[in-house]
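Following: one structure in structure tokens, then a few remarks.
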Amino acid sequence: MKLHWSPRSPFVRKVMIALKATGLEDGIELCRTVVSSVSRSPEAILADNPAGKIPALVLDNGLVLQDSRVILSWIDHASGGRLDPADPMERLGQMADEALADELTGAALLLRIEYQRDEPSEGMIDNLSTKLHRGLARFEARVAQLPQAKIARSSIALICLLGQIDLRFSQSRWREAFPGLRAWAEAMEQLPEVMATRIVDDAPPQRRDTSALLDFTADPPVGA
């Protein structure tokens with residue numbers, strides 16, 4: 001099997017955490033694949049995944065799994081159910097939290113891309129910033145219900161979201177704004193699977209610094 005992979009993708013990181021936690025990593029070849037939102041994807045990924053996105057996992061039978069949520073479902077199956085709880089409603093709750101964290105991660109990536117444009121849209125920046133403020137506030141309010149220092153769908157997705165915010169918006173002060181999430185993340189960050197998959201940013205510097213674009217201790221954007 002092979003996994004189209006990059007050291008700076010938060011969605012790839014989700015898959016890598018799950019693979020390490022379930023002991024399935026050794027059976028998968030990692031194929032470094034560079035993709036961009038502003039240029040054509042390389043043929044290597046297009047041949048396996050016409051959507052041109054990573055992560056994409058090619059199974060031994062030729063089936064290609066794209067989207068981190070689909071791949072995590074395969075990991076749960078291949079590991080004998082080590083990610084998803086057996087109870088259907090509990091599993092649905094995990095999937096809902098994973099989906100929210102993934103959507104917020106996507107918003108963070110889009111916010112960075114928008115800010116690099118010649119004329120960034122203030123409306124777009126406000127919209128994406130509002131989603132991130134509201135989303136982290138939702139997780140803060142429900143932090144006691146999250147898996148505590150445990151690898152699960154929701155905890156994997158949320159720790160990858162927070163890691164992306166640290167990487168791209170290092171002055172966001174989310175730890176000050178959301179002390180419950182801070183304590184939760186500090187415990188998660190001690191897990192070996194999380195420590196071993198820290199994002200490595202090997203991309204060229206962006207022309208505009210996004211480190212101070214978000215400040216979660218300030219008043220939320222209009223509409224938040």
Side-chain angles (χ1 to χ4, degrees), residues 1-37 41 45 48-49 51-58 65-76 78-79 82-84 94-95 97-113 132 135-136 139 146-147 149-170 172 174-175 181-182 184-203 206 210:
M1 294 178 285
K2 68 177 180 179
L3 176 70
H4 287 282
W5 166 94
S6 169
R8 62 175 179 265
S9 165
F11 298 112
V12 168
R13 188 187 186 197
K14 283 181 60 186
V15 173
M16 294 304 300
I17 289 175
L19 289 173
K20 289 178 180 293
T22 55
L24 296 175
E25 181 187 19
D26 290 344
I28 296 176
E29 175 190 0
L30 300 182
C31 300
R32 176 65 191 274
T33 307
V34 179
V35 297
S36 169
S37 62
S41 298
I45 183 64
D48 286 330
N49 178 14
K53 292 185 176 182
I54 58 173
L57 177 65
V58 184
L65 306 179
Q66 60 169 302
D67 189 280
S68 62
R69 281 171 275 190
V70 175
I71 297 174
L72 259 61
S73 291
W74 174 84
I75 292 173
D76 177 70
S79 67
R82 294 183 60 186
L83 285 183
D84 291 343
Q94 283 287 317
M95 294 173 70
D97 282 343
E98 179 191 20
L100 175 57
D102 282 355
E103 290 296 328
L104 296 175
T105 300
L109 295 173
L110 286 175
L111 178 59
R112 178 172 176 263
I113 292 170
L132 288 162
L136 289 194
F139 279 120
L146 296 174
K150 176 184 177 183
I151 295 299
R153 279 183 178 269
S154 59
S155 59
I156 292 173
L158 182 54
I159 203 66
C160 290
L161 164 63
L162 297 175
Q164 189 65 199
I165 292 174
D166 278 338
L167 178 67
R168 305 302 186 190
F169 311 99
S170 59
S172 71
W174 68 264
R175 289 175 176 81
L181 274 182
R182 180 193 65 216
W184 177 87
E186 287 173 353
M188 285 294 299
E189 287 165 354
Q190 299 307 307
L191 297 177
E193 300 87 356
V194 175
M195 295 178 65
T197 57
R198 295 183 190 276
I199 292 290
V200 176
D201 188 9
D202 58 356
Q206 297 289 294
T210 61

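None of the values given here were measured: they were computed from a predicted structure.
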Residue pair R112, T210: steps toward the side-chain hydrogen bond (donor to acceptor under 3.5 Å, both in side chains) verdict
CA-CA 7 Å; R112 178 172 176 263; T210 61; 4.7 Å; no
Non-hydrogen side-chain atoms of [X] and [Y] separated by less than 4.5 Å:
X    : Y    : value
I159 : E189 : yes
P7   : R32  : yes
F11  : D67  : no
D201 : R168 : yes
L100 : L104 : yes
L109 : P10  : yes

Could you report the tightest heavy-atom contact between [X] and [Y], atom names first, then the distance?
X    : Y    : answer
L136 : L181 : O-CD1, 3.7 Å
A149 : M188 : CA-SD, 3.7 Å
A101 : L158 : CB-N, 3.8 Å
V200 : R8   : O-CB, 3.3 Å
A78  : L24  : CB-CD1, 3.8 Å
P147 : W184 : O-NE1, 2.8 Å

Donor-acceptor contact below 3.5 Å, side chain [X] vs main chain [Y]:
X    : Y    : value
R13  : C160 : no
S170 : L167 : no
R82  : A21  : yes
T197 : I17  : no
S172 : F169 : yes
S9   : W5   : no
Q66  : A56  : no

Mind checking the [atom1]-[atom2] spacing from [X] to [Y]? Nearest 0.5 Å is all I need.
X    : Y    : atom1 : atom2 : result
D48  : C31  : CG    : SG    : 8.0 Å
S68  : M16  : OG    : CE    : 13.5 Å
L72  : L83  : CG    : CG    : 5.5 Å
L132 : L161 : CG    : CG    : 7.0 Å
D97  : Q94  : CG    : CD    : 6.5 Å
E29  : K2   : CD    : NZ    : 7.0 Å

Looking at R175 and D166, is any side-chain nitrogen of the basic one under 4.0 Å from a carboxylate oxygen of the acidic one?
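Looking at R175 together with D166, the answer is yes, because their closest N to O distance falls below 4.0 Å.
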Verify whether one side chain among N49 and H4 offers a donor that lies under 3.5 Å from an acceptor in the other.
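Their side chains do not contain a donor-acceptor pair, so the 3.5 Å distance test is not met.
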Which residue is it: V34, V12, L3? I am looking for the one with a side-chain contact (heavy atoms from CB on, under 4.5 Å) to I54.
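With I54 as partner, V34, V12, L3 yield a single side-chain contact (heavy atoms from CB on, under 4.5 Å), made by V12.
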Give the C-alpha distance, both sets of side-chain angles, the deciding distance and a yes or no for side chain to side chain contact (heavy atoms under 4.5 Å, CB included) between L57 and I75.
CA-CA 11 Å; L57 177 65; I75 292 173; 5.7 Å; no
For the pair I151 and L191, evaluate side chain to side chain contact (heavy atoms under 4.5 Å, CB included) and give the outcome as yes or no after the intermediate values.
CA-CA 9 Å; I151 295 299; L191 297 177; 3.9 Å; yes
Can you list everything that forms a salt bridge (charged side-chain N to carboxylate O under 4.0 Å, His left out) with R153? Sequence neighbours excluded, please.
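For R153 the salt bridge (charged side-chain N to carboxylate O under 4.0 Å, His left out) partners, ignoring immediate neighbours, are D84, E98.
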Under the criterion side chain to side chain contact (heavy atoms under 4.5 Å, CB included), I'd like the reasoning laid out for K14 against T105: C-alpha separation, chi angles, the key distance, then a yes or no.
CA-CA 11 Å; K14 283 181 60 186; T105 300; over 6 Å; no
